[in-house]
Structures are given as C-alpha cells and as structure tokens.
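One-based numbering along the sequence shown.
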Amino acid sequence: MRVLFSAGGGMAAALRLVLLARELQAAGHEVRFSAPARARHRVVRAGLVPVMASPQQFARAWRPDLVVHDPLCPEAVAMAAESAVPTVGYLPYAHRPLTPVPTVWIDPCPPQLRERPEPDAWQVRCDAYELPGAPAPWLTELSMVPRVCITGVPTGTRPEDRRRQELFHRVAEGVESLGLQLLVLTGDDHPWSVVLRGSVVVVHGGDEGIVYAAARFGVSQLVLPAGEQERRAGERLEQVGIGRCLTKEEMAGGPSMLRLRFHIAELVNGGRVLPAAEELGRSVARMPAPAQLVPGIEALLH
C-alpha cells in the first residue's frame with residue numbers, strides 16, 4: 001500500500017503524523033511524507049522519505065492508495081480531495097477543520113478536553129515524535145525546587161505581539177519572585193518527554209501541540225491566549241480543572257503581579273488543579289498507541 005502523509009505549517013502536527021507514518025512503514029507499506037521545509041530534517045531523521053514537490057504535484061505522479069493529512073492545511077486538504085482515495089485526517093483541537101470530511105477522523109485529544117466529540121473518530125494517544133539523544137544533564141537531575149516552563153513567547157513586532165511579550169516577561173518575573181525554577185524555551189520543537197517530566201506548570205499561548213504535551217505528562221497549564229481559538233482551548237482547560245486561562249480583560253490591561261503570582265502559586269501547589277492534571281496524564285497513557293491504528297487503516301482498502 002502506498003501512503004502519502006501531508007502535514008501543514010505547524011511542527012506539532014508534523015511530529016504527530018511522523019509517529020503513525022513510522023508505524024505504517026514498519027508494517028511494510030510504502031510511505032512518503034510531505035512537510036514544510038523546516039520540518040523535513042525531522043522526517044529524514046525519523047527514517048522516512050520526504051516529498052520535495054507540493055503534495056498535489058507529488059500525489060498526481062505517485063498515485064497513493066491512501067492519504068493521511070492535516071485538515072487545517074488548505075494545500076493538504078485540496079490534495080486529499082483530489083486524490084479520490086480513502087483519506088485519514090487528524091481532528092484539530094480548538095480550530096475548525098477545512099472541508100471535505102475525511103473517510104476517517106483520528107482524534108488525539110484526550111476525551112476530557114474535547115468539547116464536541118466526533119462519535120466515530122478513532123482515538124489515539126497524543127504522542128509526538130522526538131529525536132533520540134542525550135538531554136542536558138540539569139534537565140534530568142532531581143530538583144527540590146518546582147520547575148515552571150514558559151514557551152511560545154511571541155517574536156513579532158506588532159503592538160499585540162509586544163503586549164503579549166511583556167505579559168510573558170511579567171509571568172517569568174512572577175515565577176522567579178516565588179523562588180521557583182524557571183525554564184524559558186524558544187522555537188517550537190522540544191523534547192517534551194524530558195522537559196515536562198521535571199516541570200509542574202507550563203505557561204504557553206494555547207498552541208495545540210503544547211496543550212497535548214502537557215496533558216500527556218500530567219502538567220498544569222497557564223494559558224496566555226494568542227487568539228480566540230487559543231482562548232477556547234485555555235477556557236476548556238480551566239473548565240476541566242487542569243489549568244488557568246487569562247481573561248480578555250487581563251490580556252488587554254495586564255494583570256497585577258499579585259494576580260500573576262496567585263495563578264502560578266495555585267497551579268504549582270495544587271488544590272484541585274494539580275491532581276486533575278495528573279489524572280489526565282494517566283488517562284492519556286491508557287489511550288491507544290499509533291501502532292494500534294495500523295490494522296484499521298489497512299482495512300480501509302479492503
């Protein structure tokens with residue numbers, strides 16, 4: 001069976017698709033992987049064959065038997081619709097997917113976090129591919145001081161980006177003022193299995209990949225939403241008791257340092273938040289692994 005994977009612009013989506021691609025390749029199928037240029041080194045390091053042409057051009061020449069695609073990427077969706085073969089799409093978290101609807105939805109979202117479950121979707125654990133390697137020793141050493149991880153700090157120059165940059169910086173000041181260990185990550189490609197196993201809180205902008213990563217490792221979350229979709233994600237985390245999301249008023253006016261310190265201390269010290277995050281991590285661990293989806297995918301062509 002020829003399987004074409006097509007990821008969109010987000011690194012998190014690409015790394016999630018890589019895991020399933022590796023399992024299908026290990027099962028003896030011919031796999032090709034279309035991804036943004038910045039993710040291709042990950043595809044190669046994972047032992048997969050990257051596609052250099054656009055997914056539509058490659059699909060017309062290669063003629064796949066099955067397409068697995070990112071339903072948030074217009075190019076990938078158009079290619080899947082044009083291919084006239086069974087399609088598999090990963091159901092997005094808070095964002096509305098593009099049409100048409102794939103043959104099968106795969107849902108990596110833990111059931112507690114999904115607002116409107118797709119009844120026929122195949123559940124899968126929200127893992128993401130990570131490069132093997134030796135992490136920095138201080139990341140794996142046991143620390144007596146709780147660690148707070150900050151990631152997703154905006155790098156743009158628009159006024160709204162600068163406002164959010166300042167807010168992230170204020171959160172970092174609040175973390176340090178509480179005597180906690182601070183870890184600030186840049187970029188969008190991190191060894192979450194190492195970073196988050198030693199963290200108790202992750203602060204981010206509501207990105208789907210970080211929401212899932214924190215959920216996998218039972219880490220509480222503080223969301224400084226980048227937009228309306230990310231706000232919905234953050235509010236859902238708050239509803240199920242595993243995080244906090246700053247309100248529109250807080251994002252616009254800037255919460256006081258006392259308020260930020262309160263949010264951080266609440267998430268670090270627990271209450272109902274930390275136990276709920278740990279229970280979510282245990283729930284994610286019980287979800288099917290990507291390898292368990294291979295028989296169902298193979299059956300789509302029979």
Side-chain angles (χ1 to χ4, degrees), residues 1-8 10-35 39-51 62 64-72 76 80 85-93 102-114 117-133 189-194 196-197 208-218 280-302:
M1 176 171 68
R2 288 185 168 189
V3 187
L4 175 58
F5 281 76
S6 182
M11 182 68 79
L15 298 182
R16 199 175 304 126
L17 291 174
V18 161
L19 285 180
L20 182 58
R22 280 165 57 94
E23 296 296 345
L24 283 165
Q25 183 168 274
H29 301 292
E30 193 174 354
V31 173
R32 296 293 182 270
F33 203 108
S34 174
R40 285 179 192 148
H41 72 288
R42 286 296 216 179
V43 172
V44 174
R45 290 287 298 275
L48 300 169
V49 179
V51 170
W62 196 57
D65 302 305
L66 178 79
V67 168
V68 183
H69 71 286
D70 175 1
L72 293 178
V85 299
T87 57
V88 177
Y90 270 69
L91 198 63
Y93 177 31
T103 308
V104 171
W105 282 117
I106 292 178
D107 191 357
C109 183
Q112 299 96 314
L113 300 185
R114 178 66 70 190
E118 184 70 29
D120 297 323
W122 297 352
Q123 291 286 315
V124 68
R125 197 167 59 221
C126 50
D127 294 343
Y129 176 71
E130 295 181 8
L131 283 177
D189 184 8
H190 306 292
W192 293 120
S193 61
V194 176
L196 293 180
R197 279 201 176 101
E208 175 184 62
I210 304 169
V211 169
Y212 287 161
R216 276 164 37 220
F217 297 104
L280 177 62
R282 289 190 288 270
S283 173
V284 170
R286 294 191 292 268
M287 294 174 71
Q292 294 174 260
L293 301 186
V294 171
I297 292 174
E298 291 172 332
L300 291 176
L301 295 181
H302 296 157

Given Leu66, Leu301, Val85, Val67, the one that forms side-chain contact (heavy atoms from CB on, under 4.5 Å) with Val3: Leu66
Just verifying a value: how many Å separate Leu24 CG and Phe5 CZ, rounded to the nearest 0.5 Å? 5.0 Å
For a quick test of your reading: what N or O donor-acceptor pairs under 3.5 Å do the side chains of residues 283-296 make, sequence neighbours left out?
{"residue": "Ser283", "atom": "OG", "partner": "Gln112", "partner atom": "NE2", "Å": "3.2"}
{"residue": "Gln292", "atom": "OE1", "partner": "Ala289", "partner atom": "N", "Å": "2.8"}

Is there a side-chain contact between Leu280 and Leu113 in this structure, where contact means two heavy atoms from C-beta onward sitting under 4.5 Å apart? yes
Looking only at heavy atoms, which two atoms of Val31 and Val49 are closest? And how far apart? O-CB, 4.2 Å
Kindly compute the distance separating CZ (Phe33) from CD (Gln25), expressed to the nearest 0.5 Å. 11.5 Å
Grab the two heavy atoms, one from Arg40 and one from Ala35, that are nearest each other, plus how far apart they are. NE-O, 3.3 Å
Provide the closest heavy-atom pair for Ala12 versus Gly209 in the form atom of the first, atom of the second, distance. CB-CA, 3.5 Å
Check Pro50 against Leu48 and note the closest heavy-atom contact, atom names and distance. CD-O, 3.5 Å
Rounded at 0.5 Å granularity, tell me how far CD in Glu118 sits from CD1 in Ile106. 13.0 Å
Gap separating the CG atom of Leu15 from the CH2 atom of Trp192, nearest 0.5 angstrom: 11.0 Å
Knowing that exactly one of Val88, Thr87, Asp65 qualifies, which makes a side-chain contact (heavy atoms from CB on, under 4.5 Å) with Leu300? Val88
Are Gln123 and Arg114 close enough that some pair of their side-chain heavy atoms sits under 4.5 Å apart? no
Give me the atom names and distance for the closest heavy-atom approach of Glu130 to Arg42. C-NH1, 4.1 Å
For Gly47, is there any backbone N or O sitting under 3.5 Å from a side-chain donor or acceptor partner on Arg22? no
Atom pair CZ/OG of Arg216 and Ser193 - distance to nearest 0.5 Å: 7.0 Å
For the student: nearest non-hydrogen atoms of Asp127 and Arg16, plus distance: O-CG, 3.6 Å
Student check: side-chain heavy atoms of Leu19 and Val124 closer than 4.5 Å: no
Quick one: pull up CH2 in Trp105 and OG1 in Thr103 and give me the separation to the nearest 0.5 Å. 11.0 Å
Check the surroundings of atom CZ in Arg2: do more than 12 heavy atoms from other residues, nucleotides or ligands lie under 6.0 Å from it? yes
